[in-house]
Peer 1: 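To start, I am sharing the structure in question, which I have written as structure tokens.
Note: hydrogens, waters and symmetry copies are ignored here, and every other heavy atom, side chains too, is used. Atoms within a ligand are numbered from 1 in the order they appear, just like the ligands themselves.
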Amino acid sequence: MKKLFFAIYLLSLTFAQSQNGKLSPRFYKDKRDVFREKMPENSVAVLFSAPIRNRANDVDYVFHQDPNFFYLTGWHQPHSVLMIYKNPQVDELGSFNEKIYILERDEYKELWNGKRYSLEAVKKLGFERVNTRKYFMDDISNLSTYDKVLIFGFNNDIRNQEDDPFDLFDLKAALKKAINFPSSFNRELYTVYQHILEADDDSIESIREEVKAHVQLDSTLIEDEIIKQFLLYSNNDFFTEVKTKTAFALRNYNFDLVTLPQIMKDMREIKSDDEIELIKKAVAISVIGQKEVMKAMHADMTEREIQGIHEFVYRKYGAADEGYPSIVGAGENSCVLHYTENEKKELDNQLVLMDLGAEFYGFTADVTRTIPSNGIYSQAQRELYEIVYEAQEKAIQASQVGISFDSLYKLSYEIVSSGLMRLGIIDDISDARIYYPHGLSHHIGLDVHDPGNYVDLAADMVITIEPGIYIPAGSSCDPKWWNIGIRIEDDILITENGPVNLSEGAPRKWQEVELLMKQESILDAFILPKIETLIK
Ligand code: GLY
Ligand code: MN
Ligand code: MN
């Protein structure tokens, strides 16, 4: 009976956590189990937490956990390492197949920077083995005994804190040493070699195309004898020889930079119910931000003020952060795709492009609305807006299971290009690329541009649909179109029953935007004293 009560108690805890929006430790444990199933035999994966970045002098940027690391651990602190083993390992306590290394307790540092956790507390989060980070250094001395050590690679852009012998820099340096990572490593060459090793009779032609694409990006690769031979000769006997040479060239390495990102793409592109719930919340919060701004917007507002209203709404709903730097650009700034200065003070009658997303327990929305600062779209603004709207609407409707990302993009491009032709802005369909220079869609999740394979849509993906038209001043078209930039972006859940627009609550049709902008805002009454009156 006691056991039953305890089980109910545990269940209620898990339930309470998901009601709060936080995921339970079980979620992360399940992800690690799925990950392990996908690992090659006798391999180990090593994942690091994100680095701490310095802002200036002795002030750092707010720490943001690495999304892959967070996805598999839920762990939110720096200088940590996760190891997942394909096969059970044995130590003095018995068998285990994963281990996390964390910061040691330190009363003084905790006084300044906040709580660290005991090993026991972290064990309760479902990790089989927990140790402090310095033991990582000892535990990796046997990495040569694994067939593969799965890693992401090293960016070499981390600061070494001189007074800390076990910071992320040192942990990564230790791993490099343990796996004989070459000091001058050619990642492109290594990736191409991996492709060659994967090739078999069925896949050789497509892999040749892939290798050619790498060579186009980095022409020095063609000087490599193995690559040259792989591309030039199709004879089968010869192919076996090329493969043997490739394996020989990689014989001293047991690290693998390809499998880990691939597993993460395969896992993260399909969202589980818990993830979808959190994304829905992040999107709902972002929608409220857009709607409140539509009501509050006046032509005498500044870009910064508009950004502030969105972000205030996010905080009001408990979102800790934005998923990416907020983009609020009016007029010429609306034509800069990732404009983040947000410093323009005169909005006049211009369109304001607002691309923002709340981050809720790590998951981010990505929603864009483009609205007239004075509440009424001019004729030129409206004509362009209607093209973007149509491209978006058709692409959303077409977002069905099985359709490819590529064909969705082509559909949107066709609508944008024929619209621009109709308005006399371009004479040639291919010129639409000048004014619609980005892709249509990406996954969202823990990253705003979430990893995925970007082939065909499948149920439980969450993607953006975001066509745009941007006509900077000086473009070769009638000046009446200049300085108009429009993007409409929604977050779409793909289901077997068709697309679900999670951000549809924020008006998109120009008539609906204008209607909402006529409404009063509670912020109209929020009048602060002029700063000049306060300064002596
Ligand atoms: N907010 C960045 C993007 O739309 O992809
Ligand atoms: Mn986007
Ligand atoms: Mn966006």
Peer 1: Around atom 3 (C) of ligand 1, find the nearest protein heavy atom and jot down its residue, atom name and distance.
Peer 2: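 Protein heavy atom at minimum distance: D366 OD2, 3.3 Å.
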
Peer 1: Quick check on H438 - does any of its heavy atoms sit under 4.0 Å from an atom of ligand 1?
Peer 2: no

Peer 1: Per the side chain to side chain donor-acceptor pair (under 3.5 Å) rule, which among E489, E466, Q290, Q392 passes with T368?
Peer 2: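 By the side chain to side chain donor-acceptor pair (under 3.5 Å) criterion, T368 pairs with just one of E489, E466, Q290, Q392: E489.
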
Peer 1: Show which atoms of ligand 1 fall inside a sub-4.0 Å distance from at least one heavy-atom site of D355.
Peer 2: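 So the answer, numbered in order with elements, is 1 (N), 2 (C), 3 (C), 4 (O).
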
Peer 1: Taking all non-hydrogen atoms of both residues, which atom of H438 and which atom of L337 are closest, and how far apart?
Peer 2: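 Between these two residues, the closest heavy atoms are CD2-CD2, 4.0 Å.
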
Peer 1: Restricting to non-hydrogen atoms, name the atom on R187 and the atom on F152 that form the minimum distance, rounded to 0.1 Å.
Peer 2: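 Scanning both residues completely, I find the closest heavy atoms to be NH1-O, 3.0 Å.
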
Peer 1: Who's the nearest protein heavy-atom neighbour of atom 2 (C) of ligand 1, and how far?
Peer 2: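 Ranking protein heavy atoms by distance from atom 2 (C) of ligand 1, first comes H338 NE2, 3.6 Å.
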
Peer 1: Kindly confirm or rule out a cation-pi arrangement of K176 over F154, judged by NZ or CZ under 6.0 Å from the six-membered ring centre and within 45° of its axis?
Peer 2: yes

Peer 1: Any idea which atoms of ligand 1 are less than 4.0 Å away from a heavy-atom of E489?
Peer 2: 4 (O)

Peer 1: Assess whether ring pair (Phe, Tyr, Trp, His ring centres under 6.0 Å) is satisfied between F405 and H443, documenting all intermediate values.
Peer 2: CA-CA 11 Å; F405 278 87; H443 295 277; 5.4 Å; yes

Peer 1: Looking at H449, which atoms of ligand 1 are within less than 4.0 Å of one of its heavy atoms?
Peer 2: 2 (C), 3 (C), 5 (O)

Peer 1: Where the Mn ion (ligand 2) is the centre, what is the OE2-to-OD2 angle for E466 and D366, rounded to 10°?
Peer 2: 160°

Peer 1: Is the centre of the Y377 ring less than 6.0 Å from the centre of the Y385 ring?
Peer 2: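 Under 6.0 Å, so yes.
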
Peer 1: Taking both backbone and side chain into account, is any N, O or S atom of H449 nearer than 2.8 Å to the Mn ion (ligand 2)?
Peer 2: no

Peer 1: Tell me which N, O or S atom from E489 is the closest to the Mn ion (ligand 3).
Peer 2: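 Looking only at N, O and S atoms of E489, the one nearest the Mn ion (ligand 3) is named OE1.
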
Peer 1: Salt bridge or not for K172 and D167, using N-O below 4.0 Å?
Peer 2: no

